[in-house]
There are 2 protein chains.
Amino acid sequence: MSIKSPPPDIVIGRLPIYLRALELLSRQGLEVTSSYELGERLGASSAQIRKDLAQFGDFGKQGTGYNINFLMEQLRQILQVNRVWEVVVMGAGHIGQALIHYQGFSQNQYRIVALFDTDTQKIGQNVNGITIHSADQAAAYVAEHQIKFAMLTTPADAAQTTADLIIEAGIQAILNYAPITLNVPEHVRVEYIDPISKLQHMTYYIEIDNETELASQDATDD
Amino acid sequence: MSIKSPPPDIVIGRLPIYLRALELLSRQGLEVTSSYELGERLGASSAQIRKDLAQFGDFGKQGTGYNINFLMEQLRQILQVNRVWEVVVMGAGHIGQALIHYQGFSQNQYRIVALFDTDTQKIGQNVNGITIHSADQAAAYVAEHQIKFAMLTTPADAAQTTADLIIEAGIQAILNYAPITLNVPEHVRVEYIDPISKLQHMTYYIEIDNETELASQDATDD
DNA sequence: TAGATTGTTAATCGATTAACAATC
DNA sequence: TAGATTGTTAATCGATTAACAATC
């Protein structure tokens, strides 16, 4: 009678964090962990971790906890990260070129296969073994190689049209470094890398020391 | 009798997004906007935007909406982003050096004033006008200049000890690029820049085309 | 067995949305 | 005035936490 509801998106978003913590524990030579240990390391409640994992199966053993390597493998399967994914980068400015050099992507099986820009000065240049191609060719490339992932590092005012272009060609997931909210169809996911808004978020809470304040006040007293 | 509860953190986190949208509208020459227009641009409900803003004051006019420049100024005051904030960068690897070159920080009044690393090969080198200093000197620098912000770009295994060091010296906000969850005291905020976990989150939802699947299947039929 | 820890239910908490009187 | 849009309340929805029987 009851239809199982899909796992909440917020839970999916936490699985990569759990996976990373497990990888660390595994590297440290541990074989088993518990929702309490994971929770402590990640600043989450053990209840949340148990409930999140239980969405996808019975991965633990009462009294013992979770086998680290087994749980890692399960999470990789669930997330579909147990294979290599090819990625294109749109925009060969500072951010785009920095992404090419970032080892973390390849270490996690995201392989950057092409880099596109509109600047004719840049086209043909080589960045760490990747040639910069004309943005005109991006759609054809994405379609031909059935690429699903793009990182978007164009200026803000080019981001939406660039996104439209590559979505049309088959892109399903965009990691957006451009400081603008994208409008995309239902079947396309967007995640935002937005250091400015995160800095501004934290800035709200900053407390200024008294001395600093006093130094900029008028000397109205005595 | 009733004590006004502080604005939820999740609301604070959306204010920078609203601010950025307003800046865009302002650049486009508009003077007034509405919760409906903002909501459409940002993929949020108009009710949410009105409720979020009403946490901080009555900024709108019935029948008219919000004066863009006025609301921008109010949000900047609330977030404390209407001044320059100095920032130190811990770690002069690829990410740290890329951050030095990123214009977005200075455009938004976050001024990177120092860069620290433990690698004696790097110390003394100059990155876009910023000298790389020994990480040993970071705490003293932070304390002397009363720096509140740090960006953390060390390897994962150095991140926690580096954080401890600069928190002790007075850092209140850390933008963490290292792929590890930090443990920090109550009064310190941490935000994570984590492209890998965002890619992995999206990967869960990727749908593979039939042809691709078929190509990797055994030819068991006919 | 005793101790530990899971998976799950129910209770709590918090966030979002719908709706509308107020009013520009 | 009529139309538009706010600020706010109440209803709904969803996420987190507490608690514990089951069981390794």
Side-chain angles (χ1 to χ4, degrees), chain A residues 1-18 21-22 25 30-72 74-75 78 181 201 204, chain B residues 1-18 21-22 25 30-72 74-75 78 181 201 204:
Chain A
M1 245 4 142
S2 76
I3 296 180
K4 184 120 145 285
S5 53
D9 183 64
I10 198 164
V11 173
I12 308 295
R14 285 193 291 258
L15 298 187
I17 307 299
Y18 300 160
L22 291 165
L25 291 170
L30 298 177
E31 292 189 352
V32 167
T33 188
S34 69
S35 59
Y36 296 90
E37 182 174 38
L38 283 170
E40 189 153 357
R41 292 198 169 231
L42 297 175
S45 74
S46 64
Q48 179 171 82
I49 286 170
R50 288 198 299 282
K51 196 153 200 269
D52 284 357
L53 296 175
Q55 291 270 353
F56 303 94
D58 290 5
F59 301 135
K61 268 206 187 72
Q62 283 102 325
T64 310
Y66 301 92
N67 177 287
I68 290 171
N69 285 328
F70 174 75
L71 184 53
M72 274 171 54
Q74 296 300 310
L75 291 181
I78 292 162
T181 304
H201 182 173
Y204 176 86
Chain B
M1 242 8 140
S2 75
I3 296 181
K4 182 118 147 287
S5 54
D9 182 65
I10 198 164
V11 173
I12 308 294
R14 285 193 292 257
L15 298 187
I17 307 300
Y18 300 160
L22 291 166
L25 292 170
L30 297 177
E31 293 189 351
V32 168
T33 188
S34 69
S35 60
Y36 295 91
E37 183 174 37
L38 283 170
E40 188 153 358
R41 293 197 170 232
L42 297 176
S45 74
S46 64
Q48 180 169 80
I49 287 170
R50 287 199 300 282
K51 196 152 200 272
D52 284 357
L53 296 176
Q55 291 271 354
F56 303 94
D58 290 5
F59 301 135
K61 267 206 187 73
Q62 284 101 325
T64 309
Y66 301 92
N67 177 287
I68 289 171
N69 284 329
F70 173 74
L71 184 54
M72 275 170 54
Q74 295 301 309
L75 291 180
I78 293 162
T181 305
H201 183 173
Y204 175 86

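Note on naming: letters A, B, ... go to the chains in the order of the sequence lines (proteins, then strands), and numbering restarts at 1 for each one. Atom set for the values below is all heavy atoms of this structure, side chains included, hydrogens, waters and symmetry mates excluded.
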Whichever of B/Q48 and B/Y36 has its nearest DNA chain C nucleotide further upstream toward 5' | B/Q48

When rounded to the nearest 0.5 angstrom, what is the spacing between CG in A/L38 and CG in A/D52?
-> 11.0 Å

May I ask you to say what A/S35 touches in the nucleic acid, namely base, sugar-phosphate or nothing, with a heavy-atom cut-off under 4.0 Å?
-> sugar-phosphate

Choosing from D/dA18, D/dT16, C/dG7, which nucleotide comes nearest the side chain of A/A47?
-> D/dA18

Please report, rounded to the nearest Å, how far the P atom of D/dA15 is from the CG atom of A/D52.
-> 10 Å

With both distances kept under 3.5 Å, what pairs with C/dA15, Watson-Crick or G-U wobble?
-> D/dT12

How long is the line joining CG of B/L53 and P of D/dT8, in whole Å?
-> 12 Å

Going from CG on A/L75 to CZ on A/R14, what distance comes out if it is rounded to the nearest 0.5 angstrom?
-> 13.0 Å

Side-chain N or O of B/R14 closer than 4.0 Å to phosphate OP1/OP2 of C/dT16 = yes

Now, which nucleotide makes the Watson-Crick or G-U wobble pair with D/dT5, with each of the two distances under 3.5 Å?
-> C/dA22

Between D/dT1 (P) and B/Q62 (CD): distance, integer Å | 17 Å

Counting side-chain heavy atoms from CB outward, which of D/dA10, D/dA18, D/dA15 is closest to A/I10?
-> D/dA15

Do you know which of A/E37, A/R50, A/M72 makes side-chain contact (heavy atoms from CB on, under 4.5 Å) with A/Y66?
-> A/R50

What is the minimum heavy-atom distance between A/P7 and A/I12, and which atoms define it?
-> CB-CD1, 4.0 Å

DNA chain D: 5'-proximal contact among A/K51 and A/T64 (nearest heavy atom) | A/K51

Expressed in angstrom and rounded to an integer, what is the separation of B/E37 atom CD from D/dT6 atom P?
-> 10 Å

Output the single nucleotide from D/dT8, C/dT6, D/dT6 whose closest atom is nearest the side chain of A/S34.
-> C/dT6

Return no unless some side-chain N or O of B/Y66 is found under 4.0 Å from OP1 or OP2 of D/dA4.
-> no

What distance separates A/N67 CG from A/K61 NZ, expressed to the nearest 0.5 Å?
-> 7.5 Å

Whole-Å distance between D/dG7 P and B/F59 CZ?
-> 9 Å

Write down the distance between NZ (B/K61) and P (C/dA22), rounded to a whole number of angstrom.
-> 20 Å

Listed nucleotide nearest any side-chain atom of B/R50, set C/dC20, C/dT16, C/dT8 | C/dC20

Starting at CG of A/D58 and ending at C1' of D/dT23, how long is that distance when rounded to a whole Å?
-> 12 Å

Rounded distance in Å - CD (B/E40) to C1' (D/dT5) = 15 Å

